[in-house]
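Below is one structure, written out as structure tokens, with a few remarks after it.
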There are 2 protein chains.
Amino acid sequence: MSAKITLKDISRNLNISISTVSRALKGHPDISEETREKVMRLAALMDYEPNTYAISLRTNKSNIFGIIVPEISNFFYHSFISAVEEESKKIGFSLLILQSGNDPLVEAENIRLCRLNRVAGVLISVAASSKDMSRYQKLEENGVPIIFFDKVPDVDACNKVCLADEDAAVLAATALQKKGKQHILAIFGHPDISITQKRKLAFINAMEKNKQAKLIIAHAGSSRESFEITKTAFLASQQPDAVFCMSDEILTGTMKAMQLLKINIPNDTGIISISNDDFIPHLYEPEITYIETSGYQLGKLAFERISDYMSGKKFYRELILPSKLVEGNSL
Amino acid sequence: MSAKITLKDISRNLNISISTVSRALKGHPDISEETREKVMRLAALMDYEPNTYAISLRTNKSNIFGIIVPEISNFFYHSFISAVEEESKKIGFSLLILQSGNDPLVEAENIRLCRLNRVAGVLISVAASSKDMSRYQKLEENGVPIIFFDKVPDVDACNKVCLADEDAAVLAATALQKKGKQHILAIFGHPDISITQKRKLAFINAMEKNKQAKLIIAHAGSSRESFEITKTAFLASQQPDAVFCMSDEILTGTMKAMQLLKINIPNDTGIISISNDDFIPHLYEPEITYIETSGYQLGKLAFERISDYMSGKKFYRELILPSKLVEGNSL
DNA sequence: TTTTCCCCCGCAAACGTTTTCGCAATCAAT
DNA sequence: ATTGATTGCGAAAACGTTTGCGGGGGAAAA
């Protein structure tokens with residue numbers, strides 16, 4: 001049980017005051033080069049590690065970011081978290097990861113936890129699309145920066161980093177047109193969530209330019225539903241010559257149907273999706289052509305924003321991460 | 001900037017001492033029912049939230065578990081973390097999640113971080129299969145319980161929770177025999193890692209009972225490699241009538257080859273794998289028959305062990321999570 | 001010589017708790 | 001009435017830092 005060594009230990013050992021040790025360790029200009037050297041050396045030798053709790057108590061700050069997501073078991077949030085973790089580590093920060101399970105109550109509780117732990121900042125993808133910002137504002141009043149990402153509140157006065165949802169849909173539509181697809185099954189997510197609405201609108205608009213193409217719009221709340229939708233569509237008299245899947249989850253359902261019906265891709269039909277990572281699209285043969293909206297990249301962006309905020313750039317901004325087409329062989 | 005209210009605020013308000021307030025709040029027997037009530041009520045009213053840093057400084061404890069995994073972007077660790085998070089929340093604990101990237105140096109640094117943050121306990125899946133336990137022991141000397149899970153050190157004097165690796169392989173072998181498979185391609189992971197060795201040994205042993213079956217053993221370090229191995233095997237003159245995949249990663253590679261070669265499952269060939277979750281096996285049509293070794297369940301088990309430890313059961317134990325066969329339609 | 005200035009450094013308070021010790025009051029037992 | 005135990009509470013130290021203020025000493029300016 002090697003007792004933790006403290007500033008006091010060092011000061012006693014060197015016959016100088018605690019304050020001098022403290023200042024020396026953090027390069028305060030008041031301290032002479034000579035004593036600074038001395039202190040530094042001894043601290044290293046004694047394996048001194050500052051007590052983060054004492055520091056936080058004194059300064060009312062911490063080296064922890066809170067990060068709240070609907071669920072951690074999700075590729076997208078996953079890669080987001082990884083990215084933030086990588087960057088945070090570089091500046092000596094740790095992550096307090098909390099999942100809200102899409103429940104506003106749990107979310108509120110998590111925010112409370114962040115307050116309790118005096119986190120230095122919060123990154124959050126909101127659960128409910130509530131317009132009630134009060135629970136978030138409490139944090140900012142205490143000087144805690146809060147960055148919304150992906151699923152963000154529908155108000156202007158906050159910091160957001162988002163994916164280019166419309167843009168991704170447009171890119172997909174363009175790719176389909178370029179291939180001359182004429183009979184397209186487009187499967188979107190649950191009609192109520194905002195991301196579905198955005199992508200659907202943008203997709204349909206972009207498709208308008210191609211008057212003669214036949215468009216079938218469908219909504220799937222789960223992988224299972226998109227499986228059924230796809231199956232039905234391809235069992236009909238006239239098969240689509242392309243499928244657009246709004247998300248990874250939908251893509252997996254569609255692909256199961258493809259396997260069941262032994263449909264040849266891309267000869268019988270083309271596939272294109274919007275995906276968060278390369279994982280799902282690379283699972284199939286041929287590999288799926290997709291529009292990437294990277295959680296990882298978004299994480300990097302969010303970290304950048306929170307760093308900027310903490311170093312003084314406290315104005316509100318919305319950052320958008322561009323998406324890009326990744327060519328597979330499925331279209 | 002609503003200043004945080006403290007014990008002092010409450011005490012002043014009630015004209016009693018800080019110590020009394022502190023004791024009242026935590027139900028100390030010294031305090032009369034009457035004042036306890038009073039204090040409780042006012043605390044609730046004033047929305048009092050204890051300062052965790054002050055508490056930790058004073059008690060040298062925290063309400064945080066450290067959890068160190070090779071990578072967080074991995075289904076298995078993922079579900080493990082989810083399970084631990086769920087349970088921890090119930091007892092008011094948070095999680096400090098760190099990834100080592102399989103680098104012993106980073107791992108050491110992460111362990112240091114756990115010490116720095118005075119975590120109440122550590123759950124770790126070790127990076128290197130090093131037998132050097134010193135860096136871990138330092139924690140236990142400080143009274144911090146450390147539970148190893150999944151990838152554990154090869155020594156007895158520590159707490160472990162593991163998957164039934166041998167068991168899973170035996171179950172798979174048995175299932176293959178029951179179906180009367182005679183020409184089996186078995187793909188394992190990288191030959192150096194311990195889990196590969198365990199599973200391979202158990203699998204081969206279990207297969208011995210079926211003398212006339214032809215067994216092809218292969219090793220794949222990645223999804224790509226298992227793709228190549230499978231392709232080659234099925235392009236040969238005599239095709240296997242079943243494939244056994246040791247892990248999800250290997251399964252994905254094999255399934256890509258199946259799609260490429262348009263092999264009919266289970267008519268042309270049967271598939272069975274060992275998987276951490278239902279996610280990957282359910283991605284295909286037909287769904288894959290697999291042996292489940294659940295990260296989620298393992299997380300629950302690990303939490304149970306660390307709770308027990310903290311409540312006094314400090315002896316060393318190794319817990320094994322049984323695995324079970326989940327029937328799909330691929331065999 | 002005196003004054004002014006700057007360079008280094010120490011004192012002590014403060015952050016919000018927990019906990020040891022002790023004290024006064026009450027009550028039961030002798 | 002004296003002792004002894006018990007009950008309910010307060011004073012104060014401690015946890016390890018940071019930081020405002022002030023002071024001693026030496027050098028430069030007067």
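With contacts defined as side-chain heavy-atom distances shorter than 4.5 Å, the pair Val122(B)/Ile67(B) does not qualify.
Between the NZ atom of Lys4(A) and the P atom of dC15(D) there is a distance of 16 Å, given to the nearest Å. Look at CD1 on Ile55(B): it is 16 Å from C1' on dG16(D), rounded to the nearest Å. Between the P atom of dT17(D) and the NE2 atom of His28(A) lies a distance of 17 Å, rounded to the nearest Å. Look at OH on Tyr48(B): it is 10 Å from P on dG16(C), rounded to the nearest Å. Spacing between atom CD1 of Ile5(B) and atom P of dC15(C) amounts to 15 Å, rounded to whole angstrom units. One atom, CG of Leu7(A), and another, C1' of dC15(D), lie 13 Å apart when rounded to the nearest Å. For Glu49(A) and dT17(D), the CD to P distance is 11 Å, given to the nearest whole Å. Atom CG of Asn60(B) is separated from atom P of dA14(D) by 16 Å (rounded to the nearest Å).
For the side chain to side chain donor-acceptor pair (under 3.5 Å) test, residues two or more places apart in sequence or in another chain that qualify with Thr35(A) are Ser32(A). The side chain to side chain donor-acceptor pair (under 3.5 Å) search around Glu87(A) returns Lys90(A), Lys300(A), not counting sequence neighbours. With sequence neighbours excluded, the residues that form a side chain to side chain donor-acceptor pair (under 3.5 Å) with Glu33(A) are Arg36(A). Partners of Tyr48(B) according to the side chain to side chain donor-acceptor pair (under 3.5 Å) rule, which considers only residues two or more places apart in sequence or in another chain, do not exist here.
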Legend entry - Full working for side-chain hydrogen bond (donor to acceptor under 3.5 Å, both in side chains) between Thr20(A) and Ser17(A): CA-CA 5 Å; Thr20(A) 303; Ser17(A) 79; 3.0 Å; yes
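Nucleic acid contact for Thr6(B): sugar-phosphate only, since backbone atoms but no base atoms lie under 4.0 Å from a heavy atom of the residue. Leu57(A) comes within 4.0 angstrom of a nucleotide base, judged by non-hydrogen atoms across all strands.
Annotation: Phe148(A) is in aromatic contact with Tyr136(A) [ring centroid separation under 6.0 Å].
Taking 4.0 angstrom as the limit, Tyr53(B) places none of its side-chain polar atoms (N or O) nearer than this to OP1 or OP2 of dA14(C).
Below 30°, between 30° and 60°, or above 60°: for Phe65(A) and Phe303(A) the angle between ring planes is above 60°, a perpendicular geometry.
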Legend entry - Per-nucleotide protein contact string for nucleotides 7-12 of chain D (B base, S sugar-phosphate only, - none; heavy atom under 4.0 Å): -BBBBB
Can you name the atoms? Protein N/O to nucleotides 26-28 of chain D N/O, anything below 3.5 Å, with the distance.
none

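Listed for the Arg317(B) side chain is no donor-acceptor partner under 3.5 Å among the backbone atoms of Phe315(B).
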